[in-house]
Amino acid sequence: MFTLTLALLGLSLGLVANAFPTQRPENGKNWVVIVAGSNGWHNYRHQADACHAYQIVHRNGIPDEQIVVMMYDDLAANEKQPGPRDVTPDNFLAVLKGDSASTKWGTGKVLKSGPNDHVFVYITAHGAPGLLAFPEDELYAADLMAAINYMHDKKKYKKSVFYIDASGSGSMMTKLSDDIGVYATTATNSTELSNACYYDEKRNTFLGDWYSVNWMENSDVEDISMETLMTQFKIVQSNTSHVMKFGNETLANMKVMAFQGNANARPNLPMTLKPVADPGLTISTDVPLEILKRNSSNTDNSLLRSHVNVRDHLKQKMLKVVTLVTGFESEYQKVLSEKMDLTQHQCYKTAVTSYKKHCSIWHTTVYENYLLDLYLLFNLCGKIYRPECIWATIEKVCTEIDETPL
Ligand SMILES: *[C@@H]1O[C@H](CO)[C@@H](O)[C@H](O)[C@H]1NC(C)=O
Ligand SMILES: *[C@@H]1O[C@H](CO)[C@@H](O)[C@H](O)[C@H]1NC(C)=O
Ligand SMILES: *[C@@H]1O[C@H](CO)[C@@H](O)[C@H](O)[C@H]1NC(C)=O
Ligand SMILES: *[C@@H]1O[C@H](CO)[C@@H](O)[C@H](O)[C@H]1NC(C)=O
(Lines give C-alpha, C1' and ligand atoms only; values in the text may rest on other atoms or scores of the structure.)
(Ligands and ions follow the chains in the order given, each with its own letter.)
Protein backbone atom coordinates (compact mmCIF):
# COMPACT_ATOMS: atom_id res chain seq x y z
CA MET A 1 0.00 0.00 0.00
CA PHE A 2 2.77 2.36 1.00
CA THR A 3 4.77 1.67 -2.17
CA LEU A 4 1.64 2.02 -4.28
CA THR A 5 0.95 5.46 -2.80
CA LEU A 6 4.52 6.49 -3.45
CA ALA A 7 4.32 5.20 -6.99
CA LEU A 8 1.09 7.11 -7.57
CA LEU A 9 2.55 10.19 -6.01
CA GLY A 10 5.60 9.86 -8.27
CA LEU A 11 3.34 9.42 -11.26
CA SER A 12 1.25 12.43 -10.49
CA LEU A 13 4.34 14.56 -9.87
CA GLY A 14 5.65 13.43 -13.22
CA LEU A 15 2.37 14.40 -14.88
CA VAL A 16 2.34 17.77 -13.22
CA ALA A 17 5.92 18.39 -14.33
CA ASN A 18 4.96 17.57 -17.91
CA ALA A 19 1.88 19.73 -17.92
CA PHE A 20 3.61 22.68 -16.28
CA PRO A 21 7.17 23.14 -17.45
CA THR A 22 9.76 23.97 -14.82
CA GLN A 23 9.42 27.48 -13.48
CA ARG A 24 13.08 28.14 -12.98
CA PRO A 25 15.76 28.00 -15.61
CA GLU A 26 17.61 24.87 -14.41
CA ASN A 27 21.25 25.87 -13.90
CA GLY A 28 20.39 28.89 -15.95
CA LYS A 29 19.84 32.61 -15.68
CA ASN A 30 17.12 35.10 -16.49
CA TRP A 31 17.86 37.68 -19.16
CA VAL A 32 15.74 40.64 -20.20
CA VAL A 33 15.77 42.96 -23.21
CA ILE A 34 13.62 46.11 -23.03
CA VAL A 35 13.23 48.38 -26.05
CA ALA A 36 11.51 51.76 -26.42
CA GLY A 37 11.48 52.23 -30.17
CA SER A 38 10.83 55.94 -30.48
CA ASN A 39 12.02 59.39 -29.53
CA GLY A 40 10.50 62.83 -29.07
CA TRP A 41 8.27 64.35 -26.44
CA HIS A 42 4.97 63.21 -27.97
CA ASN A 43 6.27 59.63 -27.72
CA TYR A 44 7.21 60.07 -24.05
CA ARG A 45 5.03 57.09 -23.18
CA HIS A 46 7.27 54.52 -24.88
CA GLN A 47 10.24 55.45 -22.75
CA ALA A 48 8.02 55.69 -19.67
CA ASP A 49 6.81 52.13 -20.41
CA ALA A 50 10.41 50.94 -20.78
CA CYS A 51 11.40 52.47 -17.42
CA HIS A 52 8.38 50.86 -15.77
CA ALA A 53 9.32 47.45 -17.23
CA TYR A 54 12.87 47.89 -16.01
CA GLN A 55 11.56 48.60 -12.50
CA ILE A 56 9.52 45.38 -12.55
CA VAL A 57 12.34 43.04 -13.53
CA HIS A 58 14.86 44.89 -11.34
CA ARG A 59 12.56 44.71 -8.32
CA ASN A 60 12.06 40.99 -8.92
CA GLY A 61 15.73 40.25 -8.61
CA ILE A 62 17.21 40.23 -12.10
CA PRO A 63 20.70 41.70 -11.85
CA ASP A 64 21.48 44.73 -14.03
CA GLU A 65 24.14 42.81 -15.98
CA GLN A 66 21.35 40.56 -17.27
CA ILE A 67 19.09 43.41 -18.35
CA VAL A 68 19.62 45.28 -21.62
CA VAL A 69 17.57 48.48 -21.93
CA MET A 70 17.51 50.18 -25.31
CA MET A 71 16.02 53.64 -25.33
CA TYR A 72 16.77 56.84 -27.16
CA ASP A 73 17.05 58.64 -23.86
CA ASP A 74 16.33 62.14 -25.10
CA LEU A 75 13.79 62.90 -22.36
CA ALA A 76 15.70 62.77 -19.10
CA ALA A 77 19.31 62.31 -18.16
CA ASN A 78 19.74 58.81 -16.77
CA GLU A 79 23.21 57.40 -16.39
CA LYS A 80 21.84 53.85 -16.30
CA GLN A 81 21.11 53.90 -19.99
CA PRO A 82 23.56 53.29 -22.80
CA GLY A 83 24.46 56.15 -25.10
CA PRO A 84 21.44 57.80 -26.68
CA ARG A 85 20.54 57.46 -30.34
CA ASP A 86 21.55 53.84 -30.52
CA VAL A 87 18.10 52.33 -30.78
CA THR A 88 18.40 50.85 -34.26
CA PRO A 89 17.02 47.59 -35.64
CA ASP A 90 20.58 46.38 -36.32
CA ASN A 91 21.68 47.03 -32.75
CA PHE A 92 18.57 45.36 -31.39
CA LEU A 93 19.09 42.24 -33.52
CA ALA A 94 22.78 42.15 -32.51
CA VAL A 95 21.70 42.34 -28.85
CA LEU A 96 19.39 39.35 -29.31
CA LYS A 97 22.03 37.35 -31.17
CA GLY A 98 24.65 38.15 -28.54
CA ASP A 99 26.80 39.73 -31.24
CA SER A 100 28.85 42.34 -29.37
CA ALA A 101 31.13 42.92 -32.37
CA SER A 102 28.24 44.34 -34.40
CA THR A 103 26.65 46.60 -31.81
CA LYS A 104 27.53 50.19 -32.34
CA TRP A 105 26.42 51.58 -29.04
CA GLY A 106 27.87 53.00 -25.91
CA THR A 107 28.15 49.98 -23.67
CA GLY A 108 28.00 47.35 -26.43
CA LYS A 109 25.93 45.31 -23.97
CA VAL A 110 24.31 42.25 -25.58
CA LEU A 111 22.59 39.08 -24.39
CA LYS A 112 25.16 36.56 -23.20
CA SER A 113 22.51 33.94 -22.66
CA GLY A 114 23.04 30.21 -22.99
CA PRO A 115 21.14 26.94 -23.53
CA ASN A 116 19.61 26.81 -20.01
CA ASP A 117 18.50 30.42 -19.79
CA HIS A 118 15.18 32.21 -19.94
CA VAL A 119 14.97 35.32 -22.10
CA PHE A 120 12.18 37.90 -21.77
CA VAL A 121 11.93 40.53 -24.50
CA TYR A 122 9.60 43.54 -24.26
CA ILE A 123 9.25 46.08 -27.07
CA THR A 124 7.11 49.22 -27.08
CA ALA A 125 7.13 51.18 -30.31
CA HIS A 126 5.24 52.45 -33.32
CA GLY A 127 4.32 49.86 -35.86
CA ALA A 128 2.50 48.99 -39.05
CA PRO A 129 1.81 45.68 -40.78
CA GLY A 130 5.10 43.78 -41.03
CA LEU A 131 7.31 46.29 -39.21
CA LEU A 132 8.17 48.07 -35.99
CA ALA A 133 9.31 51.67 -36.40
CA PHE A 134 12.49 52.57 -34.53
CA PRO A 135 13.72 56.18 -34.31
CA GLU A 136 15.84 56.05 -37.47
CA ASP A 137 14.85 52.88 -39.22
CA GLU A 138 12.42 49.97 -39.31
CA LEU A 139 12.60 46.48 -37.85
CA TYR A 140 10.91 44.06 -40.26
CA ALA A 141 9.04 40.94 -39.18
CA ALA A 142 11.19 38.65 -41.33
CA ASP A 143 14.40 39.96 -39.74
CA LEU A 144 13.05 39.60 -36.21
CA MET A 145 11.93 36.05 -37.00
CA ALA A 146 15.36 35.22 -38.49
CA ALA A 147 17.03 36.49 -35.30
CA ILE A 148 14.73 34.38 -33.09
CA ASN A 149 15.44 31.28 -35.19
CA TYR A 150 19.16 32.05 -34.99
CA MET A 151 18.92 32.30 -31.19
CA HIS A 152 17.21 28.92 -31.18
CA ASP A 153 19.75 27.28 -33.51
CA LYS A 154 22.67 28.66 -31.48
CA LYS A 155 21.04 27.56 -28.20
CA LYS A 156 20.83 31.04 -26.76
CA TYR A 157 17.84 30.26 -24.58
CA LYS A 158 15.85 27.40 -23.19
CA LYS A 159 12.61 29.31 -23.16
CA SER A 160 11.76 32.78 -24.27
CA VAL A 161 8.80 35.15 -23.99
CA PHE A 162 8.19 38.19 -26.19
CA TYR A 163 5.71 40.98 -25.37
CA ILE A 164 5.25 43.53 -28.16
CA ASP A 165 3.21 46.73 -27.93
CA ALA A 166 2.74 48.51 -31.26
CA SER A 167 0.14 49.06 -33.94
CA GLY A 168 -0.03 45.95 -36.12
CA SER A 169 2.24 44.12 -33.67
CA GLY A 170 0.51 40.79 -34.35
CA SER A 171 2.11 40.85 -37.80
CA MET A 172 5.56 40.52 -36.21
CA MET A 173 4.82 37.05 -34.88
CA THR A 174 2.61 35.30 -37.45
CA LYS A 175 5.56 33.14 -38.59
CA LEU A 176 6.63 32.10 -35.09
CA SER A 177 6.78 28.31 -34.92
CA ASP A 178 5.49 26.49 -31.87
CA ASP A 179 8.47 24.13 -31.53
CA ILE A 180 11.31 26.52 -30.68
CA GLY A 181 10.40 27.26 -27.06
CA VAL A 182 9.04 30.75 -27.65
CA TYR A 183 5.71 32.22 -26.51
CA ALA A 184 4.69 35.72 -27.61
CA THR A 185 1.85 38.13 -26.99
CA THR A 186 1.15 41.30 -28.91
CA ALA A 187 -1.05 44.36 -28.30
CA THR A 188 -2.99 44.01 -31.54
CA ASN A 189 -3.52 41.79 -34.54
CA SER A 190 -1.75 42.47 -37.85
CA THR A 191 -3.79 45.48 -38.85
CA GLU A 192 -5.20 47.17 -35.76
CA LEU A 193 -3.90 50.38 -34.24
CA SER A 194 -2.67 50.34 -30.64
CA ASN A 195 -3.82 52.70 -27.89
CA ALA A 196 -1.98 55.27 -25.81
CA CYS A 197 -3.31 56.16 -22.36
CA TYR A 198 -2.82 58.28 -19.23
CA TYR A 199 -2.63 61.78 -20.68
CA ASP A 200 -0.74 64.03 -18.28
CA GLU A 201 -1.87 67.66 -18.16
CA LYS A 202 1.35 68.89 -16.65
CA ARG A 203 3.66 67.24 -19.18
CA ASN A 204 1.18 67.61 -22.05
CA THR A 205 1.85 64.10 -23.28
CA PHE A 206 0.69 60.50 -22.74
CA LEU A 207 2.44 58.44 -20.08
CA GLY A 208 1.59 54.90 -21.15
CA ASP A 209 0.41 52.48 -23.79
CA TRP A 210 -2.69 50.52 -22.92
CA TYR A 211 -1.44 46.96 -23.49
CA SER A 212 1.85 47.74 -21.73
CA VAL A 213 0.23 49.44 -18.77
CA ASN A 214 -2.05 46.44 -18.37
CA TRP A 215 0.62 43.76 -18.20
CA MET A 216 2.89 45.93 -16.09
CA GLU A 217 0.26 47.00 -13.59
CA ASN A 218 -0.76 43.35 -13.36
CA SER A 219 2.86 42.39 -12.60
CA ASP A 220 2.96 45.20 -10.04
CA VAL A 221 -0.10 44.09 -8.09
CA GLU A 222 0.06 40.27 -8.34
CA ASP A 223 2.38 37.79 -6.71
CA ILE A 224 4.06 36.83 -9.98
CA SER A 225 5.62 33.73 -8.46
CA MET A 226 2.05 32.36 -8.28
CA GLU A 227 0.41 33.85 -11.36
CA THR A 228 0.84 32.21 -14.77
CA LEU A 229 1.58 33.95 -18.06
CA MET A 230 -1.80 32.68 -19.27
CA THR A 231 -3.60 34.41 -16.40
CA GLN A 232 -1.70 37.60 -17.17
CA PHE A 233 -2.71 37.26 -20.81
CA LYS A 234 -6.37 36.82 -19.89
CA ILE A 235 -6.38 39.81 -17.56
CA VAL A 236 -4.79 41.99 -20.23
CA GLN A 237 -7.24 40.63 -22.77
CA SER A 238 -10.23 41.39 -20.57
CA ASN A 239 -9.17 45.05 -20.37
CA THR A 240 -7.82 45.64 -23.86
CA SER A 241 -9.72 43.01 -25.92
CA HIS A 242 -7.26 43.04 -28.83
CA VAL A 243 -4.24 41.22 -27.45
CA MET A 244 -3.00 38.15 -29.40
CA LYS A 245 -0.81 35.15 -28.53
CA PHE A 246 1.61 33.13 -30.65
CA GLY A 247 4.12 30.30 -30.49
CA ASN A 248 4.18 27.52 -27.92
CA GLU A 249 1.22 28.25 -25.66
CA THR A 250 2.18 25.48 -23.23
CA LEU A 251 4.78 27.93 -21.96
CA ALA A 252 1.95 30.16 -20.81
CA ASN A 253 1.34 27.67 -17.97
CA MET A 254 4.60 28.86 -16.48
CA LYS A 255 4.70 31.52 -13.82
CA VAL A 256 5.24 35.15 -14.77
CA MET A 257 8.21 35.16 -12.38
CA ALA A 258 9.99 32.60 -14.59
CA PHE A 259 10.57 35.43 -17.10
CA GLN A 260 10.00 38.75 -15.36
CA GLY A 261 12.04 37.94 -12.29
CA ASN A 262 15.00 36.00 -11.07
CA ALA A 263 13.24 32.74 -10.26
CA ASN A 264 15.85 31.96 -7.60
CA ALA A 265 15.15 35.20 -5.77
CA ARG A 266 12.12 36.05 -3.68
CA PRO A 267 9.44 37.85 -5.64
CA ASN A 268 8.86 41.45 -4.78
CA LEU A 269 5.89 42.13 -2.53
CA PRO A 270 2.87 43.04 -4.64
CA MET A 271 2.07 46.74 -4.70
CA THR A 272 -1.24 48.52 -4.39
CA LEU A 273 -2.06 50.93 -7.20
CA LYS A 274 -4.48 53.80 -7.14
CA PRO A 275 -7.36 53.04 -9.49
CA VAL A 276 -7.55 55.31 -12.53
CA ALA A 277 -11.09 56.41 -13.32
CA ASP A 278 -10.61 57.01 -17.02
CA PRO A 279 -7.41 55.88 -18.77
CA GLY A 280 -8.18 58.24 -21.68
CA LEU A 281 -7.51 55.75 -24.44
CA THR A 282 -6.28 57.42 -27.61
CA ILE A 283 -5.43 55.67 -30.88
CA SER A 284 -1.65 55.89 -31.14
CA THR A 285 -1.65 57.56 -34.55
CA ASP A 286 -3.90 60.32 -33.16
CA VAL A 287 -1.51 61.17 -30.33
CA PRO A 288 0.26 64.12 -32.03
CA LEU A 289 -3.14 65.65 -32.89
CA GLU A 290 -4.49 65.05 -29.41
CA ILE A 291 -1.44 66.66 -27.83
CA LEU A 292 -1.91 69.73 -30.02
CA LYS A 293 -5.61 69.89 -29.17
CA ARG A 294 -5.08 69.55 -25.45
CA ASN A 295 -2.31 72.09 -25.21
CA SER A 296 -4.08 75.10 -23.74
CA SER A 297 -1.14 77.44 -24.40
CA ASN A 298 -1.38 76.58 -28.08
CA THR A 299 -3.90 79.14 -29.34
CA ASP A 300 -2.78 78.93 -32.93
CA ASN A 301 -4.71 76.35 -34.92
CA SER A 302 -2.33 76.27 -37.84
CA LEU A 303 -0.23 73.41 -36.46
CA LEU A 304 -3.32 71.30 -36.07
CA ARG A 305 -4.51 72.16 -39.55
CA SER A 306 -1.19 71.38 -41.11
CA HIS A 307 -1.05 68.04 -39.33
CA VAL A 308 -4.45 67.08 -40.71
CA ASN A 309 -3.41 68.35 -44.15
CA VAL A 310 -0.30 66.16 -44.15
CA ARG A 311 -2.42 63.18 -43.26
CA ASP A 312 -4.86 63.85 -46.12
CA HIS A 313 -2.03 64.57 -48.52
CA LEU A 314 -0.26 61.28 -47.75
CA LYS A 315 -3.50 59.36 -48.02
CA GLN A 316 -4.14 60.86 -51.46
CA LYS A 317 -0.62 60.00 -52.59
CA MET A 318 -0.97 56.46 -51.40
CA LEU A 319 -4.35 55.97 -53.03
CA LYS A 320 -2.88 57.27 -56.27
CA VAL A 321 -0.07 54.71 -56.05
CA VAL A 322 -2.64 51.96 -55.58
CA THR A 323 -4.73 53.28 -58.51
CA LEU A 324 -1.75 53.36 -60.85
CA VAL A 325 -0.35 49.97 -59.83
CA THR A 326 -3.64 48.08 -59.89
CA GLY A 327 -5.16 49.67 -63.00
CA PHE A 328 -8.65 48.29 -62.37
CA GLU A 329 -11.31 49.46 -59.95
CA SER A 330 -12.02 45.92 -58.74
CA GLU A 331 -8.31 45.31 -58.00
CA TYR A 332 -8.03 48.71 -56.36
CA GLN A 333 -10.87 47.84 -53.99
CA LYS A 334 -9.24 44.53 -53.12
CA VAL A 335 -5.95 46.18 -52.13
CA LEU A 336 -7.89 48.59 -49.94
CA SER A 337 -9.80 45.91 -48.09
CA GLU A 338 -7.84 42.66 -48.21
CA LYS A 339 -5.89 41.11 -45.39
CA MET A 340 -2.72 39.85 -46.99
CA ASP A 341 -0.11 37.47 -45.68
CA LEU A 342 3.23 38.99 -46.62
CA THR A 343 5.75 36.81 -48.43
CA GLN A 344 7.40 39.46 -50.62
CA HIS A 345 9.62 40.90 -47.91
CA GLN A 346 12.06 42.65 -50.22
CA CYS A 347 9.20 44.24 -52.15
CA TYR A 348 7.77 45.70 -48.94
CA LYS A 349 11.11 46.84 -47.53
CA THR A 350 12.04 48.68 -50.69
CA ALA A 351 8.54 50.13 -51.05
CA VAL A 352 8.64 51.51 -47.49
CA THR A 353 12.15 52.87 -48.03
CA SER A 354 11.05 54.55 -51.26
CA TYR A 355 7.95 56.02 -49.60
CA LYS A 356 10.08 57.39 -46.76
CA LYS A 357 12.61 58.87 -49.12
CA HIS A 358 10.33 60.37 -51.75
CA CYS A 359 7.38 61.43 -49.64
CA SER A 360 9.92 62.98 -47.21
CA ILE A 361 9.20 64.51 -43.76
CA TRP A 362 9.57 61.07 -42.19
CA HIS A 363 10.33 60.90 -38.46
CA THR A 364 8.73 64.10 -37.32
CA THR A 365 5.63 64.50 -35.22
CA VAL A 366 3.60 63.75 -38.33
CA TYR A 367 5.42 60.47 -38.71
CA GLU A 368 2.39 58.61 -37.36
CA ASN A 369 0.57 59.68 -40.52
CA TYR A 370 2.96 57.66 -42.66
CA LEU A 371 2.38 54.52 -40.67
CA LEU A 372 -1.38 54.78 -41.14
CA ASP A 373 -1.21 54.02 -44.85
CA LEU A 374 1.61 51.48 -44.98
CA TYR A 375 -0.87 48.63 -45.03
CA LEU A 376 -1.56 49.61 -48.65
CA LEU A 377 2.06 48.92 -49.62
CA PHE A 378 1.90 45.73 -47.58
CA ASN A 379 -1.18 44.63 -49.54
CA LEU A 380 0.28 45.64 -52.92
CA CYS A 381 3.41 43.59 -52.23
CA GLY A 382 1.27 40.66 -51.16
CA LYS A 383 -0.27 40.51 -54.63
CA ILE A 384 1.16 39.66 -58.02
CA TYR A 385 2.31 43.14 -59.08
CA ARG A 386 5.93 43.50 -60.09
CA PRO A 387 7.91 45.01 -57.22
CA GLU A 388 9.84 47.27 -59.62
CA CYS A 389 6.54 48.69 -60.80
CA ILE A 390 5.42 49.41 -57.22
CA TRP A 391 8.71 51.09 -56.32
CA ALA A 392 8.78 53.22 -59.48
CA THR A 393 5.17 54.30 -59.00
CA ILE A 394 5.84 55.42 -55.41
CA GLU A 395 8.78 57.51 -56.60
CA LYS A 396 6.77 59.02 -59.43
CA VAL A 397 3.70 59.86 -57.34
CA CYS A 398 5.64 61.21 -54.39
CA THR A 399 7.93 63.44 -56.41
CA GLU A 400 5.38 64.92 -58.81
CA ILE A 401 4.26 68.48 -58.19
CA ASP A 402 0.82 68.71 -56.64
CA GLU A 403 -1.99 70.68 -58.15
CA THR A 404 -3.05 71.52 -54.61
CA PRO A 405 0.07 72.08 -52.52
CA LEU A 406 -0.14 72.03 -48.73
C1 LIG B 1 5.92 23.34 -26.11
O2 LIG B 1 6.57 23.46 -24.87
C3 LIG B 1 6.40 22.32 -24.03
C4 LIG B 1 7.02 22.68 -22.69
O5 LIG B 1 8.35 23.10 -22.85
C6 LIG B 1 7.00 21.10 -24.67
O7 LIG B 1 6.81 19.98 -23.86
C8 LIG B 1 6.35 20.89 -26.03
O9 LIG B 1 6.98 19.83 -26.71
C10 LIG B 1 6.46 22.16 -26.88
N11 LIG B 1 5.70 22.00 -28.11
C12 LIG B 1 6.28 21.86 -29.31
C13 LIG B 1 5.36 21.75 -30.47
O14 LIG B 1 7.47 21.85 -29.45
C1 LIG C 1 -7.99 42.59 -36.63
O2 LIG C 1 -9.00 43.05 -35.77
C3 LIG C 1 -10.00 43.83 -36.40
C4 LIG C 1 -11.03 44.26 -35.37
O5 LIG C 1 -10.46 44.71 -34.22
C6 LIG C 1 -10.70 43.03 -37.47
O7 LIG C 1 -11.63 43.83 -38.14
C8 LIG C 1 -9.68 42.48 -38.46
O9 LIG C 1 -10.33 41.60 -39.35
C10 LIG C 1 -8.57 41.73 -37.72
N11 LIG C 1 -7.55 41.38 -38.69
C12 LIG C 1 -7.03 40.18 -38.79
C13 LIG C 1 -5.96 40.00 -39.81
O14 LIG C 1 -7.39 39.27 -38.07
C1 LIG D 1 -7.60 45.34 -15.66
O2 LIG D 1 -8.68 44.64 -15.12
C3 LIG D 1 -8.54 44.26 -13.76
C4 LIG D 1 -9.76 43.48 -13.37
O5 LIG D 1 -9.95 42.42 -14.23
C6 LIG D 1 -8.37 45.47 -12.88
O7 LIG D 1 -8.15 45.09 -11.54
C8 LIG D 1 -7.16 46.28 -13.38
O9 LIG D 1 -7.05 47.48 -12.65
C10 LIG D 1 -7.30 46.59 -14.86
N11 LIG D 1 -6.09 47.24 -15.33
C12 LIG D 1 -6.04 48.49 -15.73
C13 LIG D 1 -4.72 49.00 -16.21
O14 LIG D 1 -7.01 49.21 -15.76
C1 LIG E 1 2.17 73.81 -26.19
O2 LIG E 1 2.03 74.96 -26.98
C3 LIG E 1 3.03 75.94 -26.79
C4 LIG E 1 2.65 77.16 -27.64
O5 LIG E 1 2.49 76.81 -29.00
C6 LIG E 1 4.39 75.36 -27.18
O7 LIG E 1 5.42 76.30 -26.95
C8 LIG E 1 4.65 74.09 -26.37
O9 LIG E 1 5.85 73.48 -26.80
C10 LIG E 1 3.50 73.12 -26.54
N11 LIG E 1 3.73 71.98 -25.66
C12 LIG E 1 3.89 70.75 -26.14
C13 LIG E 1 4.16 69.70 -25.10
O14 LIG E 1 3.82 70.46 -27.31
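The first residue in the sequence is number 1, and the count goes up from there. Numbering of ligands and ligand atoms starts at 1, following listing order. Every heavy atom of this structure was used, including side-chain atoms; hydrogens, water molecules and symmetry mates were not.
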Per-atom contacts of ligand 1 with K159, taking only distances under 4.0 Å to non-hydrogen atoms = 5 (O)
task = May I ask you to check whether H46 and N39 show a side-chain donor-acceptor distance below 3.5 Å?
result = no
query = Would you say the side chain of D137 lies within less than 4.5 Å of the side chain of K356, judging by non-hydrogen atoms?
reply = yes
query = Going by distance alone, is a donor N or O of one side chain under 3.5 Å from an acceptor N or O of the other, for Y44 and R203?
reply = yes
remark   = The answer for which part of D179 has a heavy atom under 4.0 Å from ligand 1 is both
message = Side chains of Q346 and Y140 only: does a donor on one sit below 3.5 Å from an acceptor on the other?
response = no
For L303, side chain to side chain contact (heavy atoms under 4.5 Å, CB included) partners two or more places apart = L292, N298
note = ligand 2 to E192, heavy atom cutoff 4.0 Å, flagged ligand atoms 1 (C), 2 (O), 3 (C), 4 (C), 5 (O)
key: Atoms in ligand 1 flagged as close to N248, the criterion being non-hydrogen separation under 4.0 Å   = 1 (C), 2 (O), 3 (C), 8 (C), 10 (C), 11 (N), 12 (C)
ask   = Do we see a donor-acceptor contact under 3.5 Å between the side chains of Q232 and Y163?
value = yes
ask   = Side chain or backbone of L251 under 4.0 Å from ligand 1, or both, or neither, by non-hydrogen atoms?
value = side chain
ask   = Do ligand 2 and S190 have nitrogen or oxygen atoms that lie under 3.5 Å from each other?
value = no
ask   = Near T191, which atoms of ligand 2 are under 4.0 Å from a heavy atom of that residue?
value = 1 (C), 11 (N)
note = Less than 4.0 Å from some atom of ligand 4, heavy atoms are found in residues W41, N204, N295, S297, N298
request  = Tell me, with the steps shown, if R45 and D209 meet salt bridge (Lys or Arg N to Asp or Glu O under 4.0 Å).
outcome  = CA-CA 7 Å; R45 64 191 188 281; D209 289 281; 2.9 Å; yes
message = With a 6.0 Å cut-off on the ring centroids, do W215 and F120 count as close?
response = yes
task = Return yes if a side-chain donor-acceptor contact under 3.5 Å exists between S167 and S284, otherwise no.
result = yes
